[in-house]
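Contents: one structure, followed by commentary.
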Amino acid sequence: MESYNKICRLCFNKCDRNFEAIEKITIDILDVLLIKINVVSKEPVMCTNCAEIIQNCFEFKSTCLYTHNYIVSFVNEKENSKLDLREIYLCKKGHEDIDVSKADTICGFCMNVLKSPFLSLDNKEEDVTLVKMMINKCFPELLSLARIL
């Protein structure tokens, strides 16, 4: 009987039968997520839990980068005025009949209308500072967005 003593290269837990091989595409995704691993074993694997987390992180970062690129397309370098995400949201949706009031807040990461309380990155509180540090570390591509919003 074959023994399944694989170790996840991300969390270092024993995988048993629930694992995926770390292939070139996985390494490329990890690079996009700024996760560096040393793949020295002959058959590197990750557990299915880590694989799911990596997939969710990649989808989130892809959404953020797509939104960032869309918003940046509205930047006029000659004007130093702030962008109004409500106007950009209406352009993106292409519907004049969508009601977005001045009280509504649009998320700068996913371009959705926020119906619940949100975290403003302009805030100086400690938890916001931590979020800014995480964005700086995990999403350095998005740093330019803060100055135009």
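Numbering of residues begins at 1 and proceeds along the displayed sequence. Worth saying up front: this structure is predicted, and the values here are computed from it rather than measured.
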[X] side, atom [atom1]; [Y] side, atom [atom2] - distance, nearest 0.5 Å:
X: Ile29; Y: Glu23; atom1: CD1; atom2: CD; value: 10.5 Å
X: Phe58; Y: Ile35; atom1: CZ; atom2: CD1; value: 11.5 Å
X: Cys91; Y: Arg86; atom1: SG; atom2: CZ; value: 13.5 Å
X: Arg9; Y: Ile27; atom1: CZ; atom2: CD1; value: 10.0 Å
X: Arg17; Y: Thr48; atom1: CZ; atom2: OG1; value: 13.5 Å
X: Lys92; Y: Leu85; atom1: NZ; atom2: CG; value: 12.0 Å

When you group the ILVMFWY residues by side-chain heavy-atom contacts below 4.5 Å and let the links chain together, are [Y] and [X] in the same group?
X: Val32; Y: Ile25; value: yes
X: Ile7; Y: Phe19; value: no
X: Ile37; Y: Ile54; value: yes
X: Ile53; Y: Leu30; value: no

Heavy-atom donor-acceptor pair, Tyr89 side chain to Ile106 backbone, under 3.5 Å: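 Side chain of Tyr89 to backbone of Ile106: no pair is present.
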
NZ/Lys24: more than 12 non-hydrogen atoms of other groups inside 6.0 Å: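 Not buried by this count: 12 neighbours or fewer within 6.0 Å.
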
Atom OH of Tyr66: over 12 foreign heavy atoms under 6.0 Å: no

Criterion side chain to side chain contact (heavy atoms under 4.5 Å, CB included) against Lys6, the qualifying member of Glu20, Glu43, Lys14: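 Considering Glu20, Glu43, Lys14, a side chain to side chain contact (heavy atoms under 4.5 Å, CB included) with Lys6 is found only for Glu43.
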
Taking all non-hydrogen atoms of both residues into account, name the closest pair between [X] and [Y] and its distance.
X: Ile22; Y: Met46; answer: CG1-N, 3.9 Å
X: Cys11; Y: Cys47; answer: SG-SG, 3.8 Å
X: Met111; Y: Thr67; answer: CG-CG2, 3.2 Å

Residue pair Asn49 / Asn13, side-chain heavy-atom distance below 4.5 Å: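 Contact flag for Asn49/Asn13 side chains = no.
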
Heavy-atom check, side chain of Lys36 versus side chain of Asp31, under 4.5 Å: yes

